[in-house]
Amino acid sequence: MYRSHNCGELRASHINTEVTLAGWVQKSRNKGFIVWVDLRDRYGITQLVFDEERTPKEMMKRAEDLGREFVIQVKGKVIERASKNPNLSTGDIEILVSELTILNESKLPPFTIEDETDGGEELRMKYRYLDIRRNPVKESLMFRHKVTQEVRNYLSNDGFIEVETPYLIKSTPEGARDFVVPSRMNEGQFYALPQSPQTFKQLLMVGGMDKYFQIVKCFRDEDLRADRQPEFTQIDCEMAFIDQEDILNAFEGLTRHLLKEVNGVEIEKFPRMLYDDAMRLYGNDKPDIRFGMEFGELNDVAQHKDFGVFNNAELVVGIAVPGGNSYTRKEIDKLIDWIKRPQVGALGMVYARCNDDGSFKSSVDKFYDQDDLAKWAEVTGAKPGDLVCVLSGEKNKVRAQLSALRMELAERLGLRDPKTFAPLWVMDFPLLEWDEDTERYHAMHHPFTSPKPGQLELLKTNPGEVKANAYDLVLNGNEIGGGSIRIHDKEIQALMFDYLGFTPEEAKAQFGFLMDAFQYGAPPHGGLAFGLDRLVAILGGQETIRDFIAFPKNNNGRDVMIDAPAPIDDDQLTELSLKLNLKS
Ligand code: ASP
């Protein structure tokens with residue numbers, strides 16, 4: 001028996017008990033005649049005591065020599081502490097050690113194993129196993145476990161079956177590049193790692209599986225924007241014989257359950273918003289509705305004056321910043337610099353101060369009188385004391401820029417409280433989106449998403465206008481899940497591939513198996529997938545997903561601990577019939 005108790009367990013009620021503990025040396029304090037050691041394991045910290053009077057000399061010497069992160073086992077008696085530590089669950093007691101065994105020594109760790117460590121991100125990732133000993137990371141991993149357990153419980157109780165689908169597959173388009181794996185046995189051929197189990201879960205519906213879920217790794221080779229991972233985890237779900245309402249209810253139920261069990265937050269009904277409204281009111285398809293600051297479109301009231309910038313713009317749009325009239329000129333200038341940064345890309349900003357006496361003072365007073373500005377305030381919902389910030393330009397760009405400003409200001413105003421949860425369904429996404437680079441339409445969600453009933457005709461005349469049976473679940477300004485009702489008719493699926501620019505041969509080569517399956521009685525079906533990493537991070541009140549992933553990759557897609565990716569040797573290449581053609 002290595003231990004009778006763990007390091008977070010012992011209380012005053014255990015005083016006089018003989019115990020055996022094992023763990024890591026967090027730190028030791030040597031007063032000469034007395035040595036205290038903090039012993040740590042996953043469960044907590046227990047103080048050990050060695051002193052001249054009661055500890056044999058030889059053991060005293062070994063206790064003095066214990067280094068940080070040594071792995072030790074001790075036997076001893078639980079005694080009452082002279083000075084108690086109310087901040088520690090075991091703070092009432094200490095262990096008077098009678099036997100000390102060093103199980104393993106440790107090199108001095110490259111950073112301190114404390115909640116606030118001196119190790120930078122890259123260093124902590126290189127020694128991630130040490131990082132995991134720290135409370136914030138350990139607790140995040142345990143929190144993730146709780147969330148996944150709750151997901152499994154809830155879905156299993158609701159009749160969902162967890163089915164594993166393969167990782168070595170053929171490409172599934174989810175809008176990114178595939179990671180590919182060469183096949184040794186099939187010379188010159190490659191598997192793709194799944195960007196999602198999309199086609200497999202649809203085939204499970206054809207297979208009669210009815211209600212499926214899987215907590216599953218997905219792989220997407222994209223340029224890593226901040227806080228993305230090339231491999232990430234989804235809670236992937238699919239249901240047959242359902243309509244959109246059934247799906248929304250099922251997964252709203254799951255999310256509600258998680259908020260309640262994990263966060264103790266009860267939310268009755270999740271609001272719903274059309275995609276078009278989300279874009280109009282928040283300039284964003286994943287609006288953070290924990291706070292207002294809704295957009296007010298100002299074309300009607302701000303154009304046709306003498307201000308050319310606005311007159312020439314496709315959209316003039318503003319927000320009211322609560323209390324923003326208190327900003328100094330310098331602060332406003334800084335804000336303007338902020339939105340002009342290349343990451344946001346606005347050309348400038350017009351503003352109007354709403355004074356307490358009901359008058360206005362704007363940066364464009366030359367063109368707009370008090371009545372005009374009163375209309376700006378009305379449209380943006382600004383009150384005396386607020387600041388109206390106005391951007392103009394091409395609709396999509398301006399919306400994105402003002403959305404960035406809205407989020408930034410809300411952050412500065414403390415309106416994005418991580419302990420407040422505001423879920424939202426965003427519905428009726430466009431089916432297709434125009435891609436400037438390839439000058440073609442792409443499926444906005446994926447090519448298996450069905451258009452809204454009655455909109456097939458519109459596909460021929462005005463494809464950009466067609467709406468899809470597609471929905472996203474948004475939480476605190478993050479997309480935590482998304483899905484759609486699928487096409488289950490072979491002809492319509494073939495038509496869809498055609499619109500997306502696949503020749504019939506290409507469609508057959510890539511998705512023949514799905515089209516074939518659709519000929520054997522495919523039931524109506526649909527589903528969605530949650531991004532588990534992000535969901536866990538948000539429920540955990542954090543912005544970054546890395547701490548919730550045991551062994552994450554860095555922004556270059558590298559695992560700096562195991563040093564991957566890495567070259568393979570020539571024999572392996574030969575076996576795979578591969579020849580490198582490196583650019584550098
Ligand atoms: N496969 C989709 C995705 O990964 C989700 C879905 O449509 O169910 O985003």
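Ligands are counted one by one from 1 in listed order, and the atoms in each one are counted from 1 as well.
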Of all residues at least two apart in sequence or in a different chain, which pass the side-chain contact (heavy atoms from CB on, under 4.5 Å) check with R134? F111, I113, T117, R124, D131, P136, V137
Restricting to side-chain contact (heavy atoms from CB on, under 4.5 Å), what partner residues turn up for A176, sequence neighbours left out? Q195, R220, E222
State, without any angle test, whether T165 and Q214 hold a side-chain donor-acceptor pair at a distance under 3.5 Å. yes
Say whether, by atom type as modelled, one donor and one acceptor occur between the side chain of R534 and the main chain of T544 under 3.5 angstrom. no
Neighbouring residues of ligand 1, heavy-atom cut-off under 4.0 Å: E174, S196, Q198, K201, R220, Q234, H445, H446, G482, G483, R486, G527, L528, A529
Quick one: are the ring centres of Y127 and F551 less than 6.0 Å apart? no
Identify every side-chain donor-acceptor pair in residues 558-565 under 3.5 Å, counting partners at least two apart or on other chains, and give the distances.
unit_1 : atom_1 : unit_2 : atom_2 : d
R558   : NH2    : D563   : OD1    : 3.0
R558   : NH2    : P565   : O      : 2.7
D559   : OD1    : M561   : N      : 2.9
D559   : OD1    : I562   : N      : 3.1

